[in-house]
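Down below is the structure, laid out as structure tokens.
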Amino acid sequence: MTKTEDTKVSVLVSLFNWIQKTKPAAKKRSKFRKFLDTYCDSSDYFSALRLILSSLDRERGSYGLKESVLATCLIDALGMSRDSADALRLINWRKGGSVPNAGNFPIVAAEVLQRRQGMISGGLTIKELNDLLDRLASAENRTEKTSILSTLIKKTNAQEMKWIIMIILKDLKLGISEKSIFHEFHPDAEDLFNVTCDLKLVCEKLKDRRQRHKRQDIEVGKAVRPQLAMRVGDARAAWRKLHGKEVVVECKFDGDRIQIHKNGSEIHYFSRNFFDHSEYGHAMSNIIEQNILVDRCILDGEMLVWDTSLNRFAEFGSNQEIAKAARDGLDSDRQLCYVVFDILYVGDTSVIHQSLKERHELLQKVVKPLKGRLEILVPIRGLNTHRSPGEPCWSLIAHNVDEVEKFFKETTENRDEGIVLKDLGSKWEPSDRSGKWLKLKPEYIRAGSDLDVLIIGGYYGSGRRGGEVAQFLVALAEHPAPDTYPRRFISFCRVGTGLSDDELDAVVTKLKPYFRKYEYPKKAPPSFYQVTNNSKERPDVWIESPEKSIILSITSDIRTIRSEVFAAPYSLRFPRIDRVRYDKPWHECLDVQSFVELVHSSNGT
Ligand code: ATP
């Protein structure tokens with residue numbers, strides 16, 4: 001057994017507790033370093049790191065345990081009656097009105113566990129925990145999962161179980177970014193992870209912090225973190241950003257980003273979060289084997305559904321269903337279609353360092369398109385050149401901004417998601433969102449659903465919602481420096497309509513533990529919020545810190561108003577909440593600069 005494996009889970013839990021409540025980031029990092037140096041073996045950092053960065057570990061399969069299933073398994077593991085007060089608390093963890101911590105499953109679970117487990121640690125080691133988690137991931141049914149959870153409960157106290165639940169849910173909320181953890185671990189860790197998506201390999205190769213690692217290239221069979229697109233407000237802004245470059249504009253397809261790795265007859269379908277979606281194999285692997293003319297390659301593209309009766313792509317959302325229908329041999333008008341827009345590896349060579357133009361040429365040599373099943377996205381030179389009469393043009397080289405505008409207009413009239421502009425001279429860079437790819441989306445397609453703003457405060461309602469927060473003060477982020485999270489949030493507007501009562505309840509319940517009374521003028525709001533002194537803006541409560549908050553997608557009458565009430569230069573007329581983005585982390589909030597660009601584009605300036 002390694003020193004890491006022999007370390008007690010209680011030590012790891014103290015580290016977690018300490019990191020979570022300590023500021024600033026540098027202190028969090030040095031504590032993490034101390035833990036590595038004191039309690040881990042350099043030959044085995046992985047046993048601990050896979051627990052700390054649990055969302056990145058792909059050595060273990062998925063647990064198949066989201067909060068609701070976990071709740072029923074815990075109830076059974078604790079031998080509680082399903083209608084006991086504690087069981088109902090677990091089942092209704094999101095609700096609970098004034099119950100503190102409602103909406104935070106691990107804390108609710110810890111409270112329930114505390115009444116049964118007591119404070120004494122059961123002395124579980126990291127090895128034992130990893131073994132039990134392995135068994136949990138491979139357990140075939142709920143009964144087995146319940147019995148493993150019951151073993152875990154016997155060997156831990158409530159504090160430890162709380163963190164284990166967070167590990168299972170793959171969200172530790174430590175308040176330290178994955179980037180910082182990687183950086184503290186080894187200066188080359190993030191780079192190596194980006195091209196391998198393999199945490200174990202990173203831990204094994206980068207044992208010694210002082211020894212630099214030669215930049216590694218991508219390999220067939222190892223997922224690569226995808227290159228991403230930066231959002232721009234309008235065609236002019238995009239054109240300015242790519243000034244002097246040779247530019248291709250492409251239709252932005254609305255499907256699943258999938259990287260296909262082909263090695264002979266072994267084919268992998270890696271998602272954006274590097275899960276291997278083998279379910280696509282039934283529908284796609286024959287097509288790939290027959291129409292990809294090389295033995296080994298990596299393709300980058302979007303998996304979509306093609307409707308053979310309508311002769312066009314179907315609305316997003318049915319990929320998994322179609323994959324299942326293909327597996328079960330069911331007949332359908334719909335089929336999976338992979339649109340390849342890039343190639344990263346051919347034969348035994350990585351080609352990400354070649355220009356996009358060169359990669360397009362390779363793509364044409366390597367992929368034999370098959371209508372409605374396997375399409376390639378390479379530019380057609382000149383406007384109005386359709387592939388054949390009546391077929392839309394998905395990609396072209398643009399020579400001036402008017403051509404970009406025209407393509408954008410045509411694409412959006414077609415109800416597509418928008419367009420992506422790419423520098424034809426650029427190489428493909430893992431995990432890059434620095435602007436080599438730009439995305440441009442029309443406002444009206446989703447009625448502005450892309451105004452993703454952060455809740456920073458709440459206003460009490462009246463009548464039915466008296467005494468409860470019923471409206472939110474939302475903010476835009478200050479434009480962050482490259483590769484960092486935003487540090488300040490700038491008040492933007494007040495919004496309350498758009499959600500159902502239940503949806504509103506869920507948000508309020510989730511945020512309630514972090515509400516802090518606004519004590520004007522005794523106490524200034526937290527320094528990471530930029531607000532005005534205007535009494536119309538002043539909320540009743542603040543959210544304790546941005547990391548604890550939630551993103552809302554808001555829509556409005558596109559027109560904006562110059563704002564004096566709020567700190568951002570513009571605010572919205574008639575804002576409405578379109579949906580709650582539980583899936584977006586706080587730092588992916590829209591920034592002021594991008595918003596101002598949007599305003600200028602919709603005002604035609
Ligand atoms: P969004 O929510 O706008 O799709 P995102 O955050 O998921 O954005 P971005 O990096 O901003 O991802 O946009 C790039 C995504 O757009 C890719 O991950 C891919 O799934 C999709 N996409 C569709 N068509 C293209 C294309 N032609 N080129 C590149 N990406 C494309």
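Worth knowing before you read on, the calculation uses all heavy atoms, side chains too, and leaves out hydrogens, waters and symmetry mates. In this chain, numbering begins with 1 at the start of the sequence shown. All ligand and atom numbering here is 1-based and tracks the order in the structure.
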Check your understanding: Going by distance alone, is a donor N or O of one side chain under 3.5 Å from an acceptor N or O of the other, for Asp452 and Ser553?
Key ->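 A pair is found: one side chain offers a donor N or O, the other an acceptor, under 3.5 Å apart.
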
N or O contact, [X] vs ligand 1, cut-off under 3.5 Å:
X      : answer
Leu377 : no
Lys439 : yes
Leu228 : no

Review point. At a 4.0 Å cut-off, with the gap strictly under it, does some heavy atom of Arg433 reach an atom of ligand 1?
Key: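 Judged by the 4.0 Å heavy-atom criterion, Arg433 does count as contacting ligand 1.
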
Counting only heavy atoms, tell me which of [options] gets closest to [atom].
atom                    : options                : answer
atom 31 (C) of ligand 1 : Phe253, Phe341, Trp437 : Phe341
atom 6 (O) of ligand 1  : Arg272, Lys252, Glu588 : Arg272
atom 18 (O) of ligand 1 : Lys584, Lys422, Arg257 : Arg257

Review point. Can you name the closest pair of heavy atoms from Gln227 and Lys427 and give their distance?
Key: OE1-O, 3.9 Å

Review point. So, Lys422 and Glu250, do they make that salt bridge, N to O below 4.0 Å?
Key: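 Looking at Lys422 and Glu250, the cut-off is met.
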
**Study point:** Contacting atoms of ligand 1, where contact means under 4.0 angstrom from a heavy atom of Lys441
**Key:**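 Heavy-atom distances to Lys441 below 4.0 Å select 1 (P), 2 (O), 3 (O).
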
Study note, to complete from the structure: Residues at least two apart in sequence or cross-chain that pass ring pair (Phe, Tyr, Trp, His ring centres under 6.0 Å) with Tyr269, listed by chain then number, are none

Practice item. Run the ring-centre check on Phe270 versus Phe275 and record whether the distance is less than 6.0 Å. Key: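 Centroid separation for Phe270 and Phe275: 6.0 Å or greater.
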
Review point. Can you say whether the rings of Phe182 and Phe193 are parallel (under 30°), tilted (30 to 60°) or perpendicular (over 60°)?
Key: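 Geometry flag for Phe193 against Phe182: tilted rings.
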
Exercise for review: Report the part of Cys251 in contact with ligand 1, treating N, CA, C, O as backbone and CB onward as side chain, heavy atoms under 4.0 Å; options are side chain, backbone, both, neither.
Suggested key: backbone

Listing, residues 304-311 side-chain donor-acceptor contacts under 3.5 Å, not counting sequence neighbours, or none:
{"from": "Asp307", "atom 1": "OD1", "to": "Ser309", "atom 2": "N", "distance (Å)": "3.0"}
{"from": "Asp307", "atom 1": "OD1", "to": "Ser309", "atom 2": "OG", "distance (Å)": "2.7"}
{"from": "Asp307", "atom 1": "OD1", "to": "Leu310", "atom 2": "N", "distance (Å)": "3.1"}
{"from": "Asp307", "atom 1": "OD2", "to": "Arg334", "atom 2": "NE", "distance (Å)": "3.4"}
{"from": "Thr308", "atom 1": "OG1", "to": "Asp333", "atom 2": "O", "distance (Å)": "2.6"}

